[in-house]
**Student:** 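This is the structure I want to talk about, given as structure tokens.
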Number of protein chains: 2
Amino acid sequence: MMTWQDKLRQVDPYEAGEQPQIKDLIKLNTNENPYDPGIKVKEAIQCFQSSELALYPNPDADELKHVIAKYHGLNDNQVFLGNGSDEVLALTFLTCFNGQEPILFPDISYSFYPVYCHLYHIPFQKQPLNELFEIVKEDYYQPNSGIIFPNPNAPTGCLVSLEFIEDILKHNSNSVVVIDEAYIDFGGQSAVPLLKKYPQLLIIQTFSKFRSLAGIRLGVALGNPELISKLYDVKNSFNSYPIDRLAQVIGKASMEDSEYIQNNAQKIIKTREWLKKELKDLGFVMPDSYANFVFVKHPEYDAETLFHELRARGILVRYFNKERINQYLRITIGTQEQMQKLIEEIKFIL
Amino acid sequence: MMTWQDKLRQVDPYEAGEQPQIKDLIKLNTNENPYDPGIKVKEAIQCFQSSELALYPNPDADELKHVIAKYHGLNDNQVFLGNGSDEVLALTFLTCFNGQEPILFPDISYSFYPVYCHLYHIPFQKQPLNELFEIVKEDYYQPNSGIIFPNPNAPTGCLVSLEFIEDILKHNSNSVVVIDEAYIDFGGQSAVPLLKKYPQLLIIQTFSKFRSLAGIRLGVALGNPELISKLYDVKNSFNSYPIDRLAQVIGKASMEDSEYIQNNAQKIIKTREWLKKELKDLGFVMPDSYANFVFVKHPEYDAETLFHELRARGILVRYFNKERINQYLRITIGTQEQMQKLIEEIKFIL
């Protein structure tokens, strides 16, 4: 006889980066943007009529969709909106990866990919990055039900070129190829121009990093109208909830403040390049990151020890106790001032 | 050879109630609350610091959870928060209904229940309501992997008593029994007091109706700590996104304005009782609704025709073209003024 407890699902909970409530902590563990989302977002919230909250949102988020499409030079029907890029990713797995063969993604990559596969019973095969943490494109020439990787990759920060992506697309005209561009705006080149030629390409972006909006839930998929409309069909078949009203107006305001936001990204890039040099001078080695984080190890200093020493000094970075990367730390690029403090503390520790 | 299109999931998209952009429309089709969410929500939005949006939210939404727990006389660890009660429902199905037997719910009920079953491969059996649209409690005495029904039921508005629910709980000590209380605050009695005695009881509520917050995404589950912690484990195993920052402060402000909100519910109840009498005087028949809608049919007037005639006159109600209920209309309770206009138009049509 099964009890009610026996009927509960057994799972291993994911452990997200810490969100500690420590005062004056320098928080460099979840790749948040150190800059403000901008004056237009501020004004949009201040002007928002709270009485509108009594009504369900516009289910299609038309205005927000339109400004996003325009920003990328696409049509409105090439834009899918979801509550955070994690929701968009989960829906993408459910919608696009229903073949017989396994789907393919790198062994070192976003940790939720295998999780979505388990949830939706999707077979998958992890393709190992090479020793430089680079994706080997020939690994993606074999039969598959779909391909996904972040560009730049996480947590390594390694970027691939549009030629590289195009090569994978050419070898995979019968599978959806998903490029997860959460970090593309920190020096990479978006695959959006390839959408014209490759109907099986889907690009996923987020408002959390580049647009300093981790506090709301807003993610985007860009693709051909057939693929986008299928994503909406699947979403609407079991999830009628649209983007909430405030997120719609905040997202729109952010799109209209893109120049300010690009300036912030330039500042982050400049700080990142400065940080790379400082860390290299201290003996750290790292893949060349094009994201708002660096992924570093010190040949003579244990990563987990360094993680704890930094934490004790009020600086929180990310340590992954996982095969191949357990001697690395992922450090979010904060303000120049925060990075200077980081370097000071590391010098002290070493 | 499968094409990329062959690998896309095949679905029948759900059709939600219309959200038309027609000026001066009286919108009585999606059970929204006609009253403002209140001055405290307004102030919370105005005082919100947009710079906070750059950071991920508090993943546990501790403050919001605490005020909800306090409101219901529960401990914080008895409260689960999700992005809308639809997310909470979907997670509940995934988490709680993993037995061998089918789960049980009424044949006329929330249309997403079978959808979640299909999505998560959960066998189910629909138990027919009786001719008065009442749940027959003996139908829930058989072996099952879980039970769920709304109270009041939707779209009928029929309420069951706490004794009725307790009887079902006594017959089902080995299954999770979920009471979906989206509409409980319009005259029903919540099953929260039963949580003390029945560890397998889970109660789901929403901020969309009673609290006039359909525009954000906020749903709640109340249950024993073991069940609540399991819901979080399952959620966190594939979905790291917490309640967004604005929804957390708006939800908290709403909880602190409960007296104002209860007054609105009293107004809605008064209007509903007035509307019932008026409609009966015009020959309509209906189950006795305890929700913020009525479910009515006219013995001599086709429901779909009436739906279209009302729409042509700027009043939108809900028509379901489904077995057993295709001669009924579901009409949301708006303001007294809107209901007077509705009665006028119906008189004109009849």
Side-chain angles (χ1 to χ4, degrees), chain A residues 1-4 7-9 11-14 16 19 30 32-33 35-37 41-42 45-46 48 50-59 83-84 86 94-99 115-116 119 145-146 174-176 200 212-217 230 233-234 236-241 244-246, chain B residues 1-4 7-9 11-14 16 19 30 32-33 36-37 41-42 45-46 48 50-59 83-84 86 90 94-99 115-116 119 145-146 174-176 200 212-217 230 233-234 236-241 244-246:
Chain A
M1 183 74 180
M2 285 176 95
T3 66
W4 65 267
K7 295 168 185 168
L8 300 180
R9 188 176 173 92
V11 289
D12 298 318
Y14 169 81
Q19 303 286 355
T30 51
E32 288 146 329
N33 193 312
Y35 299 108
D36 188 278
V41 164
K42 184 176 181 164
I45 295 170
Q46 279 171 351
F48 185 81
S50 63
S51 55
E52 290 181 17
L53 291 179
L55 299 180
Y56 283 104
N58 171 345
N83 294 284
D86 277 351
L94 184 63
T95 304
C96 301
F97 296 157
N98 295 282
V115 169
Y116 301 136
L119 184 65
S145 291
N174 289 321
S175 288
V176 174
Q200 84 277 29
S212 301
L213 287 171
I216 60 168
R217 295 167 49 95
K230 180 58 84 166
D233 284 351
V234 172
N236 292 335
S237 75
F238 68 92
N239 169 354
S240 69
Y241 269 63
D244 88 31
R245 282 180 175 265
L246 272 154
Chain B
M1 182 73 180
M2 285 177 95
T3 66
W4 64 268
K7 295 169 185 168
L8 300 179
R9 188 176 171 93
V11 290
D12 299 317
Y14 170 81
Q19 303 286 358
T30 50
E32 287 147 329
N33 193 311
D36 188 277
V41 164
K42 184 178 180 162
I45 295 171
Q46 279 171 350
F48 185 81
S50 63
S51 55
E52 290 180 17
L53 290 179
L55 299 180
Y56 283 103
N58 171 344
N83 294 284
D86 277 351
L94 183 62
T95 304
C96 302
F97 295 158
N98 295 284
V115 170
Y116 301 137
L119 184 65
S145 290
N174 289 322
S175 288
V176 174
Q200 83 276 31
S212 301
L213 287 171
I216 60 166
R217 295 167 50 96
K230 181 58 86 166
D233 284 350
V234 172
N236 293 336
S237 75
F238 68 91
N239 169 355
S240 69
Y241 269 64
D244 88 33
R245 282 181 174 264
L246 273 154

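Order of the sequence lines fixes the chain letters, A, B, ..., with proteins taken first and strands second; residue numbering starts at 1 for each chain.
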**Student:** Only pairs of heavy atoms separated by less than 4.5 Å count here; which of Gly84(B), Ala90(B), Gly146(B), Ser51(B) has the most with chain A?
**Tutor:** Ser51(B)
**Student:** With no hydrogens and no angle check, is any side-chain donor or acceptor of Asn174(B) less than 3.5 Å from a backbone partner on Thr3(A)?
**Tutor:** no
**Student:** Within the side chain of Lys230(B), is there an N or O that forms a donor-acceptor pair under 3.5 Å with the backbone of Leu8(A)?
**Tutor:** no
**Student:** Can you find a heavy atom in the side chain of Val11(A) that is under 4.5 Å from one in the side chain of Thr95(B)?
**Tutor:** no
**Student:** Can you tell me which portion of Leu213(A) sits under 4.5 Å from chain B's heavy atoms? Options are side chain, backbone, both or neither.
**Tutor:** both
**Student:** Tell me which of these, Asp244(A), Ile216(A), Ile45(A), Leu246(A), has more heavy-atom pairs under 4.5 Å with chain B than the rest.
**Tutor:** Asp244(A)
**Student:** Would you please name every residue forming a side chain to side chain donor-acceptor pair (under 3.5 Å) with Ser212(A), sequence neighbours left out?
**Tutor:** Asn33(A)
**Student:** Gln46(A): which residues meet the side chain to side chain contact (heavy atoms under 4.5 Å, CB included) condition with it, sequence neighbours left out?
**Tutor:** Lys42(A)
**Student:** How far apart are the closest heavy atoms of Pro57(A) and Gly215(B), and which atoms are they?
**Tutor:** CG-O, 3.9 Å
**Student:** For Tyr56(A), is there any backbone N or O sitting under 3.5 Å from a side-chain donor or acceptor partner on Glu32(B)?
**Tutor:** yes
**Student:** Does any part of the side chain of Asn83(A), heavy atoms only, come nearer than 4.5 Å to the side chain of Asn83(B), both counted from C-beta?
**Tutor:** no
**Student:** Chain B heavy atoms under 4.5 Å from Tyr116(A): which part of the residue, side chain, backbone, both or neither?
**Tutor:** side chain
**Student:** Can a donor-acceptor pair be found, under 3.5 Å and without considering hydrogens, that links the side chain of Lys7(A) to the backbone of Val176(B)?
**Tutor:** no
**Student:** Ala214(A) and Ala54(B): which non-hydrogen atoms are nearest, and at how many Å?
**Tutor:** CB-O, 3.5 Å
**Student:** Atom CZ in Arg9(A), atom SG in Cys96(B): separation rounded to 0.5 Å?
**Tutor:** 11.5 Å
**Student:** Stepwise, does the side chain to side chain contact (heavy atoms under 4.5 Å, CB included) test hold for Leu55(A) with Thr30(B)?
**Tutor:** CA-CA 9 Å; Leu55(A) 299 180; Thr30(B) 50; over 6 Å; no
**Student:** Any idea which heavy atoms bring Leu53(B) and Pro37(A) closest together, and the distance?
**Tutor:** CB-CG, 4.1 Å
